[in-house]
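Okay, so here's the structure we're looking at.
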Protein chains: 2
Amino acid sequence: MSGTDNHLQTAIEYISKYIGNVQEEELELLLPLVRFANYQKGDLIYKYGEIPKSASFIITGAVRSYYFDEDGKENTVGFHFENEPAFPYGSFVELVPAATSFVAMEPVAVVWISRHDFYHFLETFPRFEIGIAKVLSEYLIKGGQHLKLMRIDSSRERYKKLLELQPEIVTRVPLTYIASYLGMALETLSRVRAGKL
Amino acid sequence: MSGTDNHLQTAIEYISKYIGNVQEEELELLLPLVRFANYQKGDLIYKYGEIPKSASFIITGAVRSYYFDEDGKENTVGFHFENEPAFPYGSFVELVPAATSFVAMEPVAVVWISRHDFYHFLETFPRFEIGIAKVLSEYLIKGGQHLKLMRIDSSRERYKKLLELQPEIVTRVPLTYIASYLGMALETLSRVRAGKL
DNA sequence: TGCATAATTTGACTTGCGTCAAACTCCTTT
DNA sequence: AAAGGAGTTTGACGCAAGTCAAATTATGCA
């Protein structure tokens, strides 16, 4: 089976994941609009300040999203892995410049659809709005989890909770970014892991 | 003009806010599904652990949402005022028990629609999915703002940012809840306000 | 294989903020 | 007007975690 066949399969899975049962005629119109892209480690997939022109979904690889606060400090907002969307959702929907950037932490392959194509498609099949709602609510839940995580005061407990909720992060992501995600100093996280705190 | 007329007007404004241009026939079918309710200060509007059976939108008053963490500590998630939705969105969409409760901080009047009625209505007019996406993306942006707020390390700066983003909170909400929302001790917030920190 | 650079760990020092406790102010109710 | 209670302020003290700095361990690349 070729890589493209595989990818097409992934695209179809994404569609049914977010829309449920899809009609033949819907699929016929939607599939030609779908594209594929590859990124190297360190590549920017979306840049803050720009209005996202597409919605990307990860096939393989790991992506990190982050923003810069007023002091210029980089704040990691989230990690995105296989079978998850990775794009500035709010900005995509509201058509405003994104506050967050998305960068590949490893070689990354994505499926993507342009904003223009997608909204044009929506005019024919408005029920696909449900897909947007699904993506948004997934992000909402993830964001809510992160917020809850951040509200735990002790660094030790915060890290413990992360292990519980997203253990894969700890194996795939460099310490610096985990610390940034958890809102603690790199050194503190190191001490927590060594059981010294 | 009677109170009910006023309320009906508010309901219509809500609908066009979230859906855009609404057709006559759409409105005719939707309006009869809409109800009104009043709450006293302290009344629970939604309770955590329950699957929300309705979506409420505030006409007048102020609502606070919060959850209890594993240590039993109450954490304030958000404040909701006039012309804003106030219900456990994620749970409403995903049909799972809510983690947060919603309580009236003042006398509150709301428009609401039952989950059942709304989803039944959606079968006839699927394009109204866009309303869900709108509500979700509003919540998403609000949640994102809160998360950003919480990531500011200094209490002083955190409070300053709140004043900048949502000044009305400071005038309408008791100190205890603001402190809880900002993730700091009541005493710390008091000192910050007195300029002692 | 070995060097260079990055990533992580450890140490020493400082401080913001939480906790506990008590005082003070402002409503509400009788 | 007085009493009671909620909401807010002030004080004293201890500690978790931030910062700066240096050592140690990994990792990629020639």
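Quick caveat, the model's predicted, so the values are computed rather than measured.
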* For atom CD of B:E187 and atom C1' of C:dC24, their distance in whole Å -> 15 Å
* Nearest-Å distance, CZ (B:R191) to C1' (C:dC17)? -> 8 Å
* Asked: Do A:Y67 and A:E74 have a side chain donor and acceptor closer than 3.5 Å?
  -> no
* Measure across B:R35 and B:D117 and return the closest heavy-atom pair with its distance rounded to 0.1 Å. => NH2-OD2, 4.4 Å
* Structure fact -> Of C:dT8, C:dT10, C:dT19, the nucleotide closest to the side chain of A:T176 is C:dT8
* Starting from P on C:dG18, measure out to CG on B:D153 and report it in whole angstrom. => 13 Å
* Shortest non-hydrogen contact from B:P126 to A:R127? -> CB-CB, 4.1 Å
* For C:dG16, take OP1 and OP2 only and decide whether either is under 4.0 Å from a side-chain N or O of B:S155. => no
* Asked: Is there a donor-acceptor pair under 3.5 Å between the side chain of A:Y14 and the backbone N or O of A:V111?
  -> no
* CG of A:L186 versus C1' of C:dT8: gap in Å, rounded? -> 7 Å
* Asked: For the rings on B:F121 and B:F125, is their centre-to-centre separation under 6.0 Å?
  -> yes
* **Covered region of DNA chain D, 5' end to 3' end, by chain B [heavy atoms, under 4.0 Å]** => D:dT8 to D:dA12
* How many Å lie between CG on B:L175 and P on C:dC24, as a whole number? -> 19 Å
* To do: Classify the side chain of A:R193 versus the base of C:dT10 as yes if they form a donor-acceptor pair under 3.5 Å and no if they do not.
  => no
* Asked: Is the closest basic N to carboxylate O distance between A:E70 and B:K148 below 4.0 Å?
  -> no
* Has B:R64 got its NZ or CZ under 6.0 Å from the middle of the six-membered ring of B:F79, at an angle within 45 degrees of the ring axis? -> no
* What's the closest nucleotide to the B:M184 side chain, out of C:dT8, C:dG18, C:dA21? -> C:dG18
Output side-chain donor-acceptor pairs under 3.5 Å for residues 85-101 of chain B, partner residues at least two apart or in another chain, one line each.
{"from": "B:S91", "atom 1": "OG", "to": "B:V96", "atom 2": "O", "distance (Å)": "3.4"}
{"from": "B:E94", "atom 1": "OE2", "to": "A:S137", "atom 2": "OG", "distance (Å)": "2.7"}
{"from": "B:S101", "atom 1": "OG", "to": "B:Y48", "atom 2": "N", "distance (Å)": "3.0"}

* **d(CG, B:L189; C1', C:dC17) in whole Å** => 13 Å
* DNA chain D: A:R156 or B:T188, which has the more 5' nearest nucleotide? -> B:T188
* Side chains of A:V170 and A:Y159: closer than 4.5 Å at any heavy-atom pair? -> yes
* Degree of bending in the helix from C:dT1-D:dA30 to C:dT30-D:dA1 once both end axes are built from five pairs, to 10° -> 50°
